[in-house]
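This report refers to the structure that appears directly beneath it.
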Amino acid sequence: MKTKILVTGGAGYIGSILVPALLNKGYEVTVFDNMMFQQSSFLDCCFHPDFHFINADVRNTERLKEAMKGKDILIPLAALVGAPLCNKDTTSTIAINKEAVVIMNKFRSKNQLVLYPTTNSGYGIGQEGIYCTEETPLKPISLYGVTKSEAEYELLQSENVITFRLATVFGCSPRMRLDLLVNDFTFRAFSQRYIVLFEAHFKRNYIHVRDVAKAFMFAIDNFDRMKNTTYNVGLSSANLSKMELCLEIKKQIPDFFITESEINSDPDQRNYIVSNDKIESFGYQPDFGIQAGITELIKGFSILSPNKYSNV
Ligand SMILES: NC(=O)c1ccc[n+]([C@@H]2O[C@H](COP(=O)([O-])OP(=O)(O)OC[C@H]3O[C@@H](n4cnc5c(N)ncnc54)[C@H](O)[C@@H]3O)[C@@H](O)[C@H]2O)c1
């Protein structure tokens, strides 16, 4: 019998890379997504007999419960993602990002495994120079961060759960996002050749979208060894400041003009470096570095039409 996986929000930026990878590994995959971005992520998967799609909203508990039946693994990705989008509709943010995950957890059988991604951004307020580990308290400030952390907390009170605290994700996906930092900066370099940085020395950690998919599959393969705790997932070679990231981009786009401004401040005050030792100690290693991601993005931007691929 094939292992059956339910991925809510599976037609998003991460899911659109993860789901084909799961199908390639021989899993039977059902995506449950309301297609809020009018994306067409899986037209190339519809031929696959093990691919199923439910166009529905995770706030519809009956549909969600029905979809969960008979699944071995649940991957709740459905969310309003990022602080600006969440601030536009706070009621929906709480219902989708937190309550739907809590409901899924309540109605699942304890044999159904859960893999859940949250953001590591809450580590980063006032932590300059200190490597954040999984023991570092999350102190999210945005509603996005709060709802994701609360959902994670609920999940970790139960059995058969693994959560990932993801670094800022980068790379190309059929459901593209230009509001993520590496994607955004590379797009500015590609299309405008200049950037004005606020708090250019602020650091954070990054991870390629295919390495996020790899982490999910690694956790499925190693579930019993890894279960019932959380893992940072990021590139240990890339705890980079915004300026250092721009200099990485400039290696491939030499006429990229980078300037700094003192006048404004970044609404996102994260400034932190992250240790990924815990997941690496289990044998996980990412495949894609920052330079490979920038090369990929530059190729991708020759294909895209701008403005369609941002959450706000
Ligand atoms: N991309 C990152 O940098 C990052 C970092 C940390 C955590 N995450 C988490 O990973 C998950 C996926 O993020 P993403 O980058 O792919 O975002 P995304 O915005 O591309 O994907 C979200 C998906 O959820 C779907 N969705 C939204 N509301 C829904 C609803 N009510 N019912 C059903 N489907 C709904 C959307 O249609 C979309 O396909 C999210 O839970 C996010 O919090 C992402």
Side-chain angles (χ1 to χ4, degrees), residues 6-19 30-42 53-61 63-64 67 74-86 88-89 91-101 103-104 114-123 138 140 142-152 155 163-184 204-213 215-216 230-235 268 270 274 293 308-312:
L6 176 68
V7 189
T8 73
Y13 174 70
I14 291 174
S16 298
I17 294 295
L18 173 63
V19 168
T30 302
V31 171
F32 184 110
D33 198 299
N34 68 353
M35 305 306 272
M36 66 176 280
F37 301 106
Q38 291 86 47
Q39 63 269 52
S40 50
S41 302
F42 296 125
F53 189 84
I54 300 168
N55 190 329
D57 194 303
V58 287
R59 288 168 288 186
N60 185 334
T61 302
R63 295 288 305 273
L64 185 62
L74 309 173
I75 303 183
L77 303 183
L80 299 184
V81 182
L85 180 62
C86 293
K88 286 186 159 187
D89 185 348
T91 307
S92 297
T93 299
I94 294 165
I96 298 166
N97 294 14
K98 183 180 172 193
E99 288 166 3
V101 177
I103 287 168
M104 174 185 264
V114 178
L115 299 168
Y116 177 74
T118 185
T119 165
N120 71 12
S121 59
Y123 282 145
L138 281 172
S142 68
L143 181 65
Y144 170 62
V146 169
T147 52
K148 294 292 297 182
S149 301
E150 289 180 354
E152 183 199 50
L155 288 170
T163 72
F164 297 118
R165 294 183 178 164
L166 302 181
T168 299
V169 187
F170 65 91
C172 290
S173 163
R175 191 333 241 187
M176 194 50 183
R177 285 185 57 193
L178 295 185
D179 54 334
L180 295 163
L181 202 75
V182 181
N183 297 1
D184 175 26
R204 57 164 102 173
N205 196 214
Y206 308 93
I207 185 78
H208 193 279
V209 64
R210 288 181 189 273
D211 285 323
V212 174
F216 277 94
T230 187
Y231 297 87
N232 294 334
V233 180
L235 267 178
D268 186 341
R270 63 177 108 170
V274 178
K308 257 178 79 182
Y309 299 100
S310 178
N311 267 9
V312 284

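Being a predicted model, the structure only gives us computed values, none of them experimental. Residue numbers run from 1 in the order of the sequence given. Counting convention: from 1, in listed order, for ligands and their atoms alike.
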Counting distance only, does the side-chain N/O of S173 pair as donor-acceptor with the main-chain N or O of M176 below 3.5 Å?
no

Does even one non-hydrogen atom of Q39 get within less than 4.0 Å of ligand 1?
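Contact present.
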
Any atom of ligand 1 sitting under 4.0 Å from a heavy atom of D33?
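It does, in that a heavy atom of D33 comes within the 4.0 Å cut-off of ligand 1.
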
Could you go step by step and tell me if H208 and V169 meet the side chain to side chain contact (heavy atoms under 4.5 Å, CB included) rule?
CA-CA 5 Å; H208 193 279; V169 187; over 6 Å; no

Give the numbers and elements of all ligand 1 atoms closer than 4.0 Å to a heavy atom of [X].
| X | value |
| --- | --- |
| V169 | 1 (N), 2 (C), 3 (O), 4 (C) |
| M36 | 27 (C), 28 (N), 36 (C), 37 (O) |
| K148 | 40 (C), 41 (O), 42 (C), 43 (O) |
| A78 | 24 (O), 34 (N), 35 (C) |
| Y144 | 7 (C), 8 (N), 42 (C), 43 (O) |
| R177 | 1 (N), 14 (P), 15 (O), 17 (O), 20 (O) |

On the six-membered ring of Y231, is R165 placed so that its NZ or CZ lies under 6.0 angstrom from the centre and within 45° of the ring axis?
no

For I96, run the side-chain contact (heavy atoms from CB on, under 4.5 Å) check against V81, L80, V101 and tell me which one passes.
L80

Select one of side chain, backbone, both or neither to describe which atoms of [X] lie under 4.0 Å from any atom of ligand 1, heavy atoms only.
| X | value |
| --- | --- |
| T118 | backbone |
| I96 | side chain |
| M35 | backbone |
| V81 | side chain |

How many angstroms lie between CG in D211 and CG in L166, if you round to the nearest 0.5 Å?
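Rounded to the nearest 0.5 Å, the CG-CG separation comes to 11.0 Å.
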
Donor on one side chain, acceptor on other, E152 and T163, under 3.5 Å:
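A donor-acceptor contact under 3.5 Å links the two side chains.
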
